[in-house]
Every structure is written in C-alpha cells, then in structure tokens.
Visitor: 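I'd like to ask some things about the structure below.
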Amino acid sequence: MLQEFDLAARWTSMIQDLYAEAVHNLAQKWPDEQSLEVSYRLIEGFDDDFAQNIIARPDLHFQAANQALRQFLQDEGHNSMYPFVRIVHLPSDQIRTVSQLRADDISMMLSIDAIATKISGVRPRIYSASFLCASCGHVTDIKQPNEQELVEPIECSQIDGGCGRPKRQTRFILQEDESILINSQFIELQESPEQLKGGIQPERIICIGEHDIAGKLNPGDRVKANGVLFIRSQRKGGKDTPVFDIFLRIHSLERQNVPLEEISITEDEELEIKELANRSDIYELFSESIAPSIFGMSRVKESLMLQLFGGVARINPDGTRNRGDIHILLMGDPGVAKSQLLDYMSKISPRGQFTSGQSASAAGLTAAAVQDSAADGRWTLEAGALVLADLGLAAIDEFDKMNESDRSSMHEAMEQQTISISKAGINASLRTRCAVLAAANPKSGKFEPVSDIPFTAQINLAPPLVSRFDIIWLLTDIAEQEKDAKIARHIINNRLLGTSELLVNQGSAPDPSRKSSAAMKKSQEGDEILSKELIRKYIAYSKRTIHPKLEEEARNRIVAFYVETRKKGGESSDSVSITARSLEAVARMAEASARIRLADIATVEDVERAIRLTRTWRNELMGENFDETALHTGKKATARNSERILLDIIGDLQAASTDNLKVANLIDIFNEAQNNNIDRNKVEDMIEKMIREGRLMRPRGYDTIQKL
Ligand code: ADP
Ligand code: MG
C-alpha cells in the first residue's frame, strides 16, 4: 500500500524521468495548452503498483500529480502556470460501455467508450469560494466540490485569525471577485449503436467536464471519457431518496484518431475482404446481399451498394468542399418495401441510423438546442440522427413528414454537411458527413401516373430539397400478374424461413439472425451472400483506406455523357435535360464503384455503371424526355408553358385596361385562354394556385385579377 505522503514525490520523479520534455513544450504553448497528457501504459512500465493505485484512488493521485507538475514548472521559473495532468490510455479492463456501469465502479478511475449526444453551454462555477465574515471582516476560503450547492463556513475560524463566531451568530458574504471560478459543462454520453446488444434503447450518463475539458466536445463526437463516477441521491418532493443517480466527472478525453475506429478488422478479415474484392462477380454478390428478403429491385439495390461506399469528399484549393456521399430518395406507393429497405441499410452501414421524419425526439433529424432538466436546466445542444450518423448513413423514413425546423436545416446538412446552431449562447457547427437515404410517400396516397404534375411534386417536399438527391427512384405499385406472383411467393416463403420470435426469446430455438461463424451465408434461393458483419467491415475498410481518383478516360466519358444529354434537350425551350449537379453525382457514383473493388483509380467501367444507373432512374422517373428543370421547379414543361401563357394574357389585359387600377377581368381571361386551348376549369385551378403562391391577387373581389 502506498502512503499518501509518498504520492507527490513519486509523481515528481516520474514527471522528471518520463515527461521533462513534454512539460517544457507545455510551458512554451501556455495558455493555449493547459494540460499534460500522461499515458497510463508508460506509468505501468515505470511502476506497476503505483499505476494500480491510480485506478483505486484516483482523486488523491490527480491532486498529487497536479501539485508535482506545478512545482516542476515553478522550479523552472514559470510562476503563474496552473496546468493539469491528464491520465489517458487506461488498461482495457477499465473500459466500460454506459450500460455496463455498476455500483462497484463508483469512485475508481475508469474509461467510458461512447458518443457525446448532448452538450450544455460552458458556464463558470465557483471552485473555491471566499466568504467575508460580516462581524469581523475576516475572509475564509472554502473548496466547493458540489456544483449544485454552495458550502458556507461553519464558523469564522479563530485559528485562522477570525473572530470565532459560529454561522448563526454572524453572516458570511460571498466575495465573487476573490473566489476562484472555473469553466464547467454538462456532457451527456450515450452508448454507440455498435455497443448495443439487440434492439434495446441506448443508455446515457451525464458527465461533468471542467477547466480545459469544458468546451472540447461537440455533440456527435466519439470519445473515450476517462474519469471517476460519483453518485448523488435522487430527490423527490424536496427530499433525498436512497436511490442514486450516477455521474461521471471527466478527467481526460481521448478521441478516435482513425475514422470508423469502432469497427475493428482483424488481419484475417482484411485478407478475406481483399479476396472478395478480387472476385469478378463482386458487384452482383454485394448487391444481392443487400436486403435479400426483398424481392427484385436489383437496380435500386445496385445504387444502394454504391451509396454504402460513397465517393470521395474533397477540399478544394480555395477552401470549399465537395461532398462525396451519395444521397438517394425512394419515392414510392405504400407497401413497396421502402421502410424495410431503409431498416436493412441502416443495419449494414457503419454508423447507420434509422429514423423517421416524424421522430418524436427533440433533436429531430439534425440538432436542437433544448433546456435540459438533467443539466440543471441549462441550455444544451442535442445531436440528431444526421449528426450521429457522421461518416455513415442516415436512413430517414417518412421524409416528407419531417418538421419545419428540420426542413430548413436539411439543405445545409445535405450539401455542406454541417449544421450551424446559434441559440441561447450556444454556437456550434456540427458535422453531418453522412449519406442520406430517404423514403417518401405521395401526398394523395398513390402516384398519379398521367398528370401535369411531375412525380417529384406529388410528394410533400420542396423542389430545392428534392434536387439535393443524386438518385431518385420511383417505386410504383402497379399490378403485374407475373411479377406479383413472384413477390407473393417470395414473401410467403420468407415467412417459412423465419423462426418464431417467441421461441427464440424463450431460448428453445436458435436466433437465425445471429452471426454464424461463416462470413458467407445462403439466401432464400440458395445463392451465397455476404453476412451483415462482413458487409459492415468491408465498407469500413474501403472507406478508411481507398480514395479513388477518376482516370482521364473516365473523366472524358463523363463529359461526353453530359454534352450528349444536354444536346437532346428537354421538353421545351426552358427545360434543361441535365445540370452540372448531376455531373457530380455521376462522378461520385463512379468513385464508389471503384471503392468496391478496393481500386485507387476509377475507370471507364466504373463511369459506365454510374451512367447506366443514372439513365435508369431518370427514365423511370420522367420517361425519355428527362427534364431536370421540372425537378428544380416542381413543374412539368407543359404546366410551365400554360402558366406562362396565362400570365401573358393577364399582363396584356391589364395593359389594355381602362380601369385606373389596371386589373384584368376574369371573364376576359377565360375567353383569351380558350383561344389558347386552355379550358376554363384549368384556368380557375391555375389562378387559385398562383394566388396561393402570391403571384396573383384579386384586388376587387372574385372577378378581377392582377399580377403582383
Ligand atoms: P413501405 O414502407 O413502402 O410502405 P414496407 O417496407 O412497410 O412498405 O413493406 C410492406 C410489406 O410488404 C413488408 O412486409 C415487405 O416485406 C413486403 N414487400 C413489399 N414489396 C416486397 C418485395 N418486393 N419483396 C419482399 N417483400 C416485399
Ligand atoms: Mg413505410
């Protein structure tokens, strides 16, 4: 057993032996850097007993270490530096997930591996309070360990030179100027999806970060938080109860330094992945492994495969950034397995998040500043699905039903891949570098195939948001006898393959979704497919290590495709068949295609795959005459034309009007429109709509129309 008085001396000699140079550097960088990172592993090598004692009695060691460090600096002539020793790299038996925390863990040093989900604003708190005795003027300093309650002196101590009066015979006045204030912050940590066993809700713990730890984290950050657990009794009706809440006082933080570090890949697995990547049928194998229980949709699945890998995000010399992630929108009638596909994708993607646009959580899809009772009612910033899916994939069901605040931050979140929040003193920019896979249903319940309204306007999404997607699939539920029979058989056979959930839960039947040791599995039709685990590792490996570039021939092919498609033109003079935005989409898909082969160069074949997919979805969405302007405006060329004609008519009538208000009479509009083959009903509909859009008004009742 180590003696307390030994500690400072031991720390001093350890800092001298192992960290003299690091301390010197710290002094140079002061005050930008305020702490010295000390590796537990090094200490262990230095003195094993001493190291174990740190785990058992952390608070004593933290104090002694800080003292030793400050003394060391003073001896070197740096007098007013108060840095902290931060111990990192704890042994693996001290690492916990949030749900593993137990009573035994309290008051020893441990490490929690998690995601920061909520961060409160940084506020000063009193660390050491100075109290003035109202009777004699003597000042007493009291350390304040508890951030919820200010501890006052019991008496004005005579030993220290005070008058000796107890608390009830005098008054102690807090001297804010004399007291020592430190920065403090509440941080909520949550288990990461990878740590969840089964489908239970992730557990959370509230942590306190102080001094230079405050302000270090953003919601969505993956960290190891090292520190000491402490408890506080839950209060009910103003009274303490015997049940306690656990908190973590953070001592030091370690961030991930490899992207997607939470997914570990052994050497054997790496070999297996490389072998798979060399197979000539890897593309078919991979896309068939996506949601094998869903029949057909091979083109959709091929595009989802590309989405999982994604293109390469690039920083340009001028500081701007081009995203690499591929966003896909599934627009479809109800019951075509959209939700099922999304659910599956969120499970096979690293950092996959499944959420619904209607999600009840306050943070919603992006992020929100909320007042949180768990953090003493402070404003806290909470990460939503897109932030938690950073570097992964966010599958958003019922995308058309998301709330207004998400709708407004979604553009930035998808294109710039950040969310800026500035509210109640919290200013933050959170990263949302994830692919978005969204599903939307038509407003009227089913898509209207023959209509002036393009499909993309039949859903409740504004055109600018729709145009953020690289690929838009139209999945209609049209009766086709042969296909219907196949799907029906597939679905029914699938039920046969599944195992009763009740039996699985009772333990009397094996869980068919549990990983079998073999990485390859068999699908319903008996084809070999990749297991979910292997898919996830494959993607993580590729995203981490492969950053393909387009070779020259491939670039030329994309340019040729663009020029050729532009030449065809759209339906009318104001429509454009393809825009530069789609050009980038093709490049991203080609890069993703190269990543599947683990190739550093994207070739013409990769571009061909991307072009073929691009042609397919555009064809299915709008037929031969693809009109990208319709995507951006939500109107087909014919509809745009009749609107323009109508507006011209109204303009002409207004110009010719003898009325001093210069209005057009409704009856004249009907007549003129009739001459242009637009019937009365349609004119009425269009006028109603343009009035709603604020482009027309009725200045003098129903019969008069005026342009705005
Ligand atoms: P959506 O979200 O598009 O309304 P769901 O994902 O809820 O549809 O799917 C409805 C049901 O129909 C699911 O049980 C799904 O498995 C089944 N289903 C629909 N189409 C297919 C298909 N092509 N293959 C297999 N199952 C299908
Ligand atoms: Mg659904």
Side-chain angles (χ1 to χ4, degrees), residues 199 284 286-305 307 327-349 352-361 364-365 385 393-403 406 436-449 455-456 458-461 466 469 471-501 504 512-513 521-527 529 532 616-617 620-621:
E284 291 76 38
F286 210 105
S287 61
E288 276 163 21
S289 303
I290 295 175
S293 66
I294 292 170
F295 175 82
M297 301 212 205
S298 55
R299 289 287 158 266
V300 177
K301 287 183 185 178
E302 190 179 0
S303 69
L304 294 180
M305 160 180 80
Q307 182 182 38
H327 300 320
I328 299 184
L329 175 64
L330 305 178
M331 298 193 324
D333 289 329
V336 294
K338 298 186 298 297
S339 303
Q340 290 262 347
L341 264 181
L342 259 57
D343 185 47
Y344 201 92
M345 285 289 283
S346 72
K347 291 198 172 116
I348 56 178
S349 172
Q353 288 278 330
F354 180 90
T355 176
S356 167
Q358 283 172 311
S359 119
S361 112
L365 298 176
L393 176 132
I396 311 172
D397 207 357
E398 317 272 336
F399 192 63
D400 46 329
K401 302 198 178 58
M402 68 184 155
N403 65 37
D406 278 335
V436 172
L437 173 60
N441 288 309
K443 273 185 266 191
S444 62
K446 207 157 169 25
F447 280 107
E448 199 62 59
F455 292 114
T456 47
Q458 294 183 29
I459 51 176
N460 184 24
L461 288 175
V466 173
F469 287 93
I471 302 175
I472 303 169
W473 291 109
L474 178 68
L475 309 168
T476 45
D477 190 12
I478 300 167
E480 269 177 60
Q481 223 175 13
E482 203 177 319
K483 193 172 139 221
D484 289 346
K486 272 193 189 157
I487 294 186
R489 188 154 309 123
H490 191 93
I491 294 177
I492 296 303
N493 286 351
N494 212 25
R495 286 195 67 80
L496 212 65
L497 276 186
T499 312
S500 157
E501 183 179 52
V504 172
S513 69
K521 289 166 71 170
K522 288 271 193 278
S523 75
Q524 194 187 323
E525 276 80 21
D527 304 327
I529 51 169
K532 287 183 190 173
T616 313
W617 75 259
E620 287 178 13
L621 191 67

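One-based numbering, in listed order, for ligands and for the atoms of each. What you see below is based on every heavy atom in this structure, not just the backbone, and it leaves out hydrogens, waters and symmetry mates. In this text the structure is predicted, and so the values were computed from the model without any measurement.
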Visitor: Counting only N and O atoms by type, is there a donor-acceptor contact under 3.5 Å from the side chain of D400 to the main-chain atoms of I459?
Guide: no
Visitor: Checking the side chain of K301 only, and the main-chain atoms of I290 only, is there a donor and an acceptor separated by less than 3.5 Å?
Guide: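 Yes, because the side chain of K301 sits within donor-acceptor range (under 3.5 Å) of the backbone of I290.
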Visitor: Hey, is atom 11 (C) of ligand 1 under 4.0 Å from any protein heavy atom?
Guide: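 Given the 4.0 Å cut-off, atom 11 (C) of ligand 1 does not count as touching protein heavy atoms.
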Visitor: side-chain contact (heavy atoms from CB on, under 4.5 Å) with F399: which of N441, L461, L437?
Guide: L461
Visitor: Which heavy atom of the protein is the closest neighbour of atom 19 (C) of ligand 1, given with residue, atom name and distance?
Guide: G335 O, 3.4 Å
Visitor: Out of curiosity, M305 CE to S289 OG, how far, rounded to the nearest 0.5 Å?
Guide: 10.0 Å
Visitor: Quick one: nearest non-hydrogen protein atom to atom 21 (C) of ligand 1, plus distance?
Guide: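 Protein heavy atom at minimum distance: A337 CB, 3.8 Å.
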Visitor: Give the C-alpha distance, both sets of side-chain angles, the deciding distance and a yes or no for side-chain contact (heavy atoms from CB on, under 4.5 Å) between T616 and W473.
Guide: CA-CA 9 Å; T616 313; W473 291 109; 4.2 Å; yes
Visitor: Any nitrogen or oxygen of V336 lying under 3.5 Å from a nitrogen or oxygen in ligand 1? Just yes or no.
Guide: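 Yes; at least one N/O pair falls below 3.5 Å.
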Visitor: Under 4.0 Å, heavy-atom basis, I'd like to know which part of A439 is in contact with ligand 1: side chain, backbone, both or neither.
Guide: neither
Visitor: Apply side-chain contact (heavy atoms from CB on, under 4.5 Å) to Y344 and K532, showing your working.
Guide: CA-CA 9 Å; Y344 201 92; K532 287 183 190 173; 3.7 Å; yes
Visitor: Looking only at distances, can you tell me whether any N or O atom of S339, backbone or side chain, sits closer than 3.5 Å to an N or O atom of ligand 1?
Guide: yes
Visitor: Look up atom CE in M331 and atom CG in D333, then write down how far apart they are to the nearest 0.5 Å.
Guide: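 M331 atom CE to D333 atom CG measures 9.5 Å (nearest 0.5 Å).
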Visitor: Could you tell me if any non-hydrogen atom of G332 lies under 4.0 Å from any atom of ligand 1?
Guide: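 It does not; every heavy atom stays at 4.0 Å or beyond.
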Visitor: Before signing off on this row, confirm whether N441 and ligand 1 have an N or O atom pair separated by under 3.5 Å.
Guide: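 It does not: no N or O of N441 is found under 3.5 Å from an N or O of ligand 1.
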Visitor: Would K338 and L341 count as a side-chain contact (heavy atoms from CB on, under 4.5 Å) here? Give the steps.
Guide: CA-CA 5 Å; K338 298 186 298 297; L341 264 181; 5.9 Å; no
Visitor: For atom 3 (O) of ligand 1, what's the nearest protein heavy-atom neighbour? Residue, atom name and distance, please.
Guide: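 Result for atom 3 (O) of ligand 1: K338 NZ, 2.8 Å.
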Visitor: What I want to know is whether F295 and ligand 1 share at least one N or O pair that is separated by under 3.5 angstrom.
Guide: yes
Visitor: Enter the distance from E620:CD to R299:CZ here, rounded to the nearest 0.5 Å.
Guide: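 The CD atom of E620 sits 9.5 Å away from the CZ atom of R299.
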Visitor: Just verifying a value: how many Å separate L365 CG and Q358 CD, rounded to the nearest 0.5 Å?
Guide: 11.0 Å
Visitor: Do V436 and F469 come close enough that some side-chain heavy atom pair is under 4.5 Å?
Guide: yes
Visitor: Under 4.0 Å from any heavy atom of Q340, which atoms of ligand 1 are there?
Guide: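 Answer for ligand 1: 6 (O), 13 (C), 14 (O), 15 (C), 16 (O).
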Visitor: List the closest protein heavy-atom neighbour of atom 18 (N) of ligand 1: residue, atom name, distance to the nearest 0.1 Å.
Guide: I491 CD1, 3.7 Å
Visitor: By number and element, which atoms of ligand 1 are closer than 4.0 Å to a non-hydrogen atom of S293?
Guide: 25 (C)
Visitor: Taking side-chain contact (heavy atoms from CB on, under 4.5 Å) as the criterion, tell me which of L393, L330, I396 meets it with L342.
Guide: L330
Visitor: Less than 4.0 Å is my threshold; does some heavy atom of P334 fall inside it relative to ligand 1?
Guide: yes
Visitor: Listing by chain and number, what protein N/O/S atoms are under 2.8 Å from the Mg ion (ligand 2)?
Guide: S339 OG
Visitor: To the closest 0.5 Å, what do you measure between OG (S287) and CE (M297)?
Guide: 13.5 Å
